[in-house]
Protein chains: 2
Amino acid sequence: MTPSPKTTKAVFDRLRAAGLRPTRQRLALAKLLFAQGPRHITAEALFNEAKARRINVSLATIYNALHDFTESGLLREITVDANQSYFDTNISAHHHFYFEKSGRLQDVPADEIHITQLPTPPKGGTISRVDVVIRVAD
Amino acid sequence: MTPSPKTTKAVFDRLRAAGLRPTRQRLALAKLLFAQGPRHITAEALFNEAKARRINVSLATIYNALHDFTESGLLREITVDANQSYFDTNISAHHHFYFEKSGRLQDVPADEIHITQLPTPPKGGTISRVDVVIRVAD
DNA sequence: AAGTATTTTAGAATAATTCTAATTTATGTT
DNA sequence: AACATAAATTAGAATTATTCTAAAATACTT
């Protein structure tokens with residue numbers, strides 16, 4: 001079964017719109033990342049998923065792609081675990097539950113957290129993002 | 001100039017109270033960490049600081065101490081940078097500014113951020129902590 | 001002072017990530 | 001369609017932060 005042309009086309013256009021060359025491996029990875037609903041994934045996990053589907057991509061390319069995607073706004077990097085980077089396919093404003101035991105992440109829609117006061121950043125600085133992580137002891 | 005006995009004694013007692021044996025190296029490190037005001041420090045940075053003061057401590061001990069201190073509540077680990085752990089000597093409730101360019105952290109007192117609504121964690125989970133990181137583009 | 005558990009240590013090991021330099025590929029231009 | 005060029009991919013080496021190992025040193029109890 002060949003992949004749906006519509007999906008391929010959509011992903012292709014999405015890469016283009018982001019200013020990224022739609023190469024074979026970027027297309028394949030983007031499809032893995034964006035075909036399903038929102039996900040939080042590590043480089044290693046994406047690498048294994050690609051391997052499982054017989055997609056030939058080197059680990060270096062996985063890292064390159066994840067960073068390229070992040071820089072061009074297709075992904076968002078989340079840092080909750082000191083020694084592994086998670087990448088979030090949900091780029092709209094939202095926050096996270098972090099399950100300490102399992103290390104799993106879960107989205108919290110932005111409107112479920114109300115922040116009614118924030119400090120002003122020091123002279124010259126601008127707030128680029130406010131990340132809320134709710135740590136859950138499970 | 002020998003260190004103030006008062007400081008030494010205070011740190012000694014603090015380790016004891018935390019259930020940690022006040023060994024030579026833990027005492028020295030605790031003094032570095034707690035003598036001054038609140039700080040955010042990495043293992044490597046503490047190691048260098050110790051070296052600069054001719055305190056003989058192995059890197060493994062630095063890591064052991066930081067983790068022991070964290071587990072017994074004398075420190076708090078902060079994860080904002082994907083590949084370096086910061087340890088915060090301020091263990092009271094508070095949040096952080098994170099300066100993206102420099103990688104520096106700055107405390108934000110708890111009462112400067114008002115959170116008026118939080119979601120309920122999934123069945124069985126309990127909120128152990130809510131971390132707010134205000135990312136500042138400087 | 002002796003005995004035992006805990007801590008420290010050097011150095012090896014591991015894990016995640018980045019780098020290097022060579023090859024391949026995408027794309028704009030003839 | 002072939003060509004030139006810049007960008008992307010790759011294998012494997014290198015780097016970085018951290019943990020592990022097993023032996024030696026130390027703290028604390030008796």
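Within every chain, numbering begins at 1; the chains are lettered A, B, ... in the order of the sequence lines, protein sequences first and strands thereafter.
Remark: P of D/dT21 and CG of B/Leu59 are 17 Å apart, rounded to the nearest angstrom. Computed from coordinates, the A/Leu29 CG to D/dA8 P distance equals 14 Å when rounded to whole Å. Separating the CG atom of B/Leu66 from the C1' atom of C/dT8 is a distance of 15 Å, rounded to the nearest angstrom. Regarding B/Gln25, its CD atom lies at a distance of 8 Å from the P atom of D/dT26, rounded to whole Å. In this structure, CG of B/Leu27 is placed 13 Å from C1' of C/dT7, rounded to the nearest angstrom. The distance from atom CD1 of B/Ile62 to atom C1' of C/dT7 is 14 Å, rounded to the nearest whole Å. Remark: C1' of D/dT9 and CG of A/Asn64 are 8 Å apart, rounded to the nearest angstrom. Whole-Å rounding puts the B/Arg21 CZ to D/dA25 C1' distance at 12 Å.
Under the 3.5 Å distance criterion, the side-chain polar atoms of B/Asp81 are matched with a main-chain donor or acceptor of B/Asn83. Side-chain atoms of B/Thr42 do not come within 3.5 Å of backbone N or O of B/Tyr86 as any donor-acceptor pair. The backbone N or O of B/Val57 lies less than 3.5 Å from no partner atom in the side chain of B/Thr61, so there is not a single donor-acceptor pair. Remark: the backbone N or O of A/Arg21 is paired with a side-chain donor or acceptor of A/Arg26 at under 3.5 angstrom.
Nucleic acid contact class of A/Thr23 (heavy atoms, under 4.0 Å, all strands): sugar-phosphate only.
If you check C/dT7, C/dT27, C/dT9 against the side chain of A/Arg16, the one that comes closest is C/dT27. Of the candidates D/dT26, D/dT19, D/dT9, D/dT26 carries the atom nearest the B/Arg24 side chain, counting heavy atoms from C-beta on. The side chain of A/Pro22 lies closest to C/dT27, out of C/dT8, C/dT27, D/dT10. Listed nucleotides C/dT18, C/dT17, D/dT10 differ in distance to A/His67; the shortest reach to its side chain belongs to C/dT18. Across D/dA11, D/dC20, D/dT9, the shortest atom-to-atom separation from the side chain of A/Ser58 is found for D/dA11. Picking from C/dC19, D/dT9, C/dA10 the nucleotide with the shortest atom distance to the side chain of B/Ala60 gives C/dA10.
Other residues, nucleotides and ligands contribute more than 12 heavy atoms inside 6.0 Å of the CZ atom of B/Arg129.
Under 4.0 angstrom from either OP1 or OP2 of C/dT18 there lies no side-chain N or O belonging to A/Tyr63.
A salt bridge links A/Glu49 to A/Arg39: one of the charged nitrogens lies within less than 4.0 Å of a carboxylate oxygen.
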Practice problem: Under the side-chain hydrogen bond (donor to acceptor under 3.5 Å, both in side chains) rule, what do B/His40 and B/Asn90 come out as? Steps first, then yes or no, please. | Solution: CA-CA 8 Å; B/His40 308 103; B/Asn90 179 355; over 6 Å; no
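Within residues 81-88 of chain A, the residues approached by DNA chain C to less than 4.0 Å at the level of any non-hydrogen atom are A/Asn83, A/Gln84, A/Ser85, in residue-number order. For the contact set between residues 40-55 of chain B and DNA chain C, defined by any heavy atom under 4.0 Å, there are no members.
Looking at every heavy atom in both residues, B/Val108 comes nearest to B/His94 through O-CB, 3.3 Å.
At a threshold of 4.5 Å between side-chain heavy atoms, the hydrophobic network of Ile, Leu, Val, Met, Phe, Trp and Tyr places A/Phe87 and A/Phe97 in two separate groups. Note: the hydrophobic cluster containing B/Ile78 does not contain B/Leu33 (ILVMFWY, side chain heavy atoms under 4.5 Å, direct or indirect links).
Residues B/Phe12 and A/Asp68 each lie close to DNA chain D; by heavy-atom proximity, the contact nearer the 5' end of the strand is made by A/Asp68.
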